[in-house]
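Report on the structure given below.
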Amino acid sequence: QVQLVESGGGLVQAGGSLRLSCAASGRTISSYIMGWFRQAPGKEREFVATILWSGSSRFYADSVKGRFTISRDSAKNTVYLQMNSLKPEDTAVYYCGGVPREYYSGGYSNFREYDYWGQGTQVTVSS
């Protein structure tokens, strides 16, 4: 099993920035589809961004396009989410998920596509 641990969350003012990290251990995730999702209390888990194998393709939710950037560092076995121009509506627990390429069926925006998850990191944006 691969273990995923998110970090980097915190409290920021609107317009500020945060950089989230998803550190993987146990397995190399170079061939994994990796995604970021977020969930606010009482709401469904929402797709934020995903990066396919080798970083060949990246996809974003419309709500974060132009503000968030997903990336990966193979040497560190880590995926990042750079979050700029944060808005109060970005407040949520952010989760990192992964699925091996061979088990990926194309549904990158569906949290059920992902087999492995971290415990999440809280992001709070004040107005």
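In this chain, numbering begins with 1 at the start of the sequence shown.
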Closest contact, heavy atoms only, [X] versus [Y]:
| X | Y | answer |
| --- | --- | --- |
| Tyr32 | Arg72 | O-NH1, 3.0 Å |
| Ala24 | Val2 | CB-CG2, 4.1 Å |
| Pro88 | Ser127 | CG-CB, 3.8 Å |
| Ser21 | Thr78 | CB-CG2, 4.3 Å |
| Leu86 | Leu18 | CD1-N, 3.9 Å |
| Tyr60 | Ile70 | OH-N, 3.0 Å |

Pairing donors with acceptors under 3.5 angstrom, does anything connect the side chains of Thr50 and Tyr114? yes

Hey, are Thr91 and Glu89 close enough side-chain-wise for a donor-acceptor pair under 3.5 Å? no

For the side chain of [X] and the backbone of [Y], is there at least one donor-acceptor N/O pair under 3.5 Å apart?
| X | Y | value |
| --- | --- | --- |
| Asn110 | Gly107 | no |
| Thr121 | Ser7 | no |
| Asn84 | Ser17 | no |

Is it true that, when you exclude Gln119 itself, more than 12 heavy atoms of the residues, nucleotides or ligands shown sit nearer than 6.0 Å to its CD? no

Taking everything shown except Glu44 itself, do over 12 heavy atoms lie less than 6.0 Å from its CD? no

I need the [X] [atom1] to [Y] [atom2] distance, nearest 0.5 Å.
| X | Y | atom1 | atom2 | result |
| --- | --- | --- | --- | --- |
| Phe37 | Ser109 | CZ | OG | 6.5 Å |
| Tyr116 | Cys22 | OH | SG | 13.5 Å |
| Met34 | Leu4 | CE | CG | 5.0 Å |
| Trp36 | Cys96 | CH2 | SG | 5.0 Å |
| Arg27 | Ile29 | CZ | CD1 | 11.5 Å |
| Ile51 | Ser71 | CD1 | OG | 6.5 Å |

With a 4.0 Å cut-off, would you call Asp90 and Lys87 a salt bridge? no

Find out whether Glu113 and Tyr104 are in side-chain contact, i.e. whether some heavy atom of one side chain is under 4.5 Å from a heavy atom of the other. yes

Given side chains that start at C-beta, do those of Arg58 and Thr69 come closer than 4.5 Å, heavy atoms only? yes

Please answer: with hydrophobic residues joined when any side-chain heavy atoms are less than 4.5 Å apart, are [X] and [Y] in the same cluster?
| X | Y | answer |
| --- | --- | --- |
| Val64 | Phe111 | no |
| Val12 | Val48 | yes |
| Leu20 | Phe59 | no |
| Tyr103 | Tyr108 | yes |

Carefully, step by step, assess Leu81 and Phe68 under the rule side-chain contact (heavy atoms from CB on, under 4.5 Å). CA-CA 7 Å; Leu81 184 68; Phe68 292 9; 4.1 Å; yes

Step by step, work out the side-chain contact (heavy atoms from CB on, under 4.5 Å) result for Gln13 and Val125. CA-CA 5 Å; Gln13 294 182 345; Val125 184; over 6 Å; no

Quick one, Arg38 with Phe47, criterion side-chain contact (heavy atoms from CB on, under 4.5 Å). Give me CA distance, side-chain angles, the key distance, then yes/no. CA-CA 7 Å; Arg38 64 190 183 186; Phe47 168 72; over 6 Å; no

Axial cation check for Trp117 ring with Arg45, 6.0 Å and 45° limits: yes

State whether Tyr80 and Arg19 meet the cation-pi test: NZ (Lys) or CZ (Arg) under 6.0 Å from the six-membered ring centroid, and within 45° of the perpendicular axis. yes

For side-chain contact (heavy atoms from CB on, under 4.5 Å), just list the numbers for Ile33 and Arg101, CA-CA rounded to whole Å, side-chain angles, deciding distance to a tenth of an Å, and then say yes or no. CA-CA 6 Å; Ile33 290 79; Arg101 178 180 180 178; 4.2 Å; yes

